[in-house]
There are 2 protein chains.
Amino acid sequence: MTFGSYVRTTREDLRARDKRFSLRQVAERIGVEPAYLSKIERGDVAPPSEATIRRLAADLGQDSDILLAMAGKVSSDLQTIIRARPQLFAELLRQLREMPDDALLRVVREVRDGDW
Amino acid sequence: MTFGSYVRTTREDLRARDKRFSLRQVAERIGVEPAYLSKIERGDVAPPSEATIRRLAADLGQDSDILLAMAGKVSSDLQTIIRARPQLFAELLRQLREMPDDALLRVVREVRDGDW
DNA sequence: TGTCATGTGTAGTATATAGAACACGTTTAC
DNA sequence: GTAAACGTGTTCTATATACTACACATGACA
């Protein structure tokens, strides 16, 4: 599923219960032109900037990291974390690439709960 | 130290032993105009693209992840890894942000050597 | 049945990115 | 002592990014 169609589906689901989730009203709340949001949802243009994606995610109640990933982007704060120690994080991420979800989840929990 | 001055210093160190590391010859090997590399080294323009940084790192015998980080970038392959599982990696990276180098290194080794 | 909101088509814009091309004065090497 | 190599100043360009502005047809709904 593309970024645009995901946004459209999510917004229309919300709209079925709340008419304030019309394209125009969402566009106004997140501070873009309706025509632009229309084109984004239809994939007529590339996904918007990180800042706009964040406002959109907040308005639609979605996880911004997921929405950013669908847009082909990585949150700039994560990039900053990596850039601070590029070799360590590069090795770690390349190690974790092959790992199945459940193993990765164990690592995340171990890091969260263990004392390192 | 900036990207440019780091490249210049590294290149001039190499040049002291090997005249093939003149600005012009490095520029030719990595496929850019000498004037452009000159401006990069002096910080007159922004760091070049990821592809050019990779060629430069290879030519100078440097770690491309480090050079990319100095350029304010994160390797696109690492970004691809994160985008494949954005929530898990976002949580992990934000957990690891505060961790001191030696603790992070232990995590990296544990992930490399342990069976997850 | 008029009006108000809705979604969309077309055109245009400002800024950033990522360089190339050429000319020039200065060293360096033979 | 001159030809080749060197580093750099200036100008220009092509493409991508991230939108705005305006107009228009359609639909809801009172």
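Labels below follow one simple rule: chain letters A, B, ... track the order of the sequence lines, proteins then strands, and each chain is numbered from 1. Side chains included, hydrogens not; waters and symmetry mates left out as well; all remaining heavy atoms used.
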Taking only residues two or more places apart in sequence, or in another chain, which ones meet [X] in a salt bridge (Lys or Arg N to Asp or Glu O under 4.0 Å)?
| X | result |
| --- | --- |
| B/R42 | none |
| A/R8 | A/E41 |
| A/R24 | none |

A/K73 side chain near D/dA18 phosphate (N/O to OP1/OP2, under 4.0 Å):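 Answer yes for this pair, as a side-chain N or O of A/K73 is under 4.0 Å from OP1 or OP2.
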Contacts of type side-chain contact (heavy atoms from CB on, under 4.5 Å), residue [X], not counting sequence neighbours:
| X | answer |
| --- | --- |
| B/S49 | B/A51, B/T52 |
| A/E28 | none |
| B/S5 | B/M1, B/T2 |

side-chain hydrogen bond (donor to acceptor under 3.5 Å, both in side chains) contacts in which one or both residues fall within residues 92-105 of chain A, not counting sequence neighbours: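 Output for this query lists A/R94-B/D65, A/R94-B/D77, A/D101-B/R85.
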Pairs where residues 106-115 of chain B contributes a residue and the test side-chain hydrogen bond (donor to acceptor under 3.5 Å, both in side chains) is met, not counting sequence neighbours: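 Checked against side-chain hydrogen bond (donor to acceptor under 3.5 Å, both in side chains) - neighbours excluded - the pairs reaching residues 106-115 of chain B are A/E91-B/R112.
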Reported CG-to-CZ distance for the pair B/L104 and A/F89, which is rounded to 0.5 angstrom: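 Here the interatomic distance stands at 5.0 Å.
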DNA chain D contacts among residues 41-70 of chain A, heavy-atom distance under 4.0 Å: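 Going residue by residue through residues 41-70 of chain A, the ones with a heavy atom under 4.0 Å of DNA chain D turn out to be A/P48, A/S49, A/T52.
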Of residues 19-38 of chain B, the positions that come close to DNA chain C - non-hydrogen atoms, cut-off under 4.0 Å: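 Close to the strand are B/G31, B/V32, B/E33, B/A35, B/Y36.
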For chain B, the stretch of DNA chain C it reaches, first to last nucleotide, under 4.0 Å of its heavy atoms: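 In short, chain B contacts DNA chain C from C/dA18 to C/dC22.
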Check: residues 13-20 of chain A side-chain donor-acceptor pairs under 3.5 Å, at least two apart:
{"unit_1": "A/D18", "atom_1": "OD1", "unit_2": "A/R20", "atom_2": "N", "d": "2.9"}
{"unit_1": "A/D18", "atom_1": "OD1", "unit_2": "A/R20", "atom_2": "NE", "d": "3.2"}
{"unit_1": "A/D18", "atom_1": "OD2", "unit_2": "A/R20", "atom_2": "NE", "d": "3.3"}
{"unit_1": "A/D18", "atom_1": "OD2", "unit_2": "A/R20", "atom_2": "NH2", "d": "2.8"}

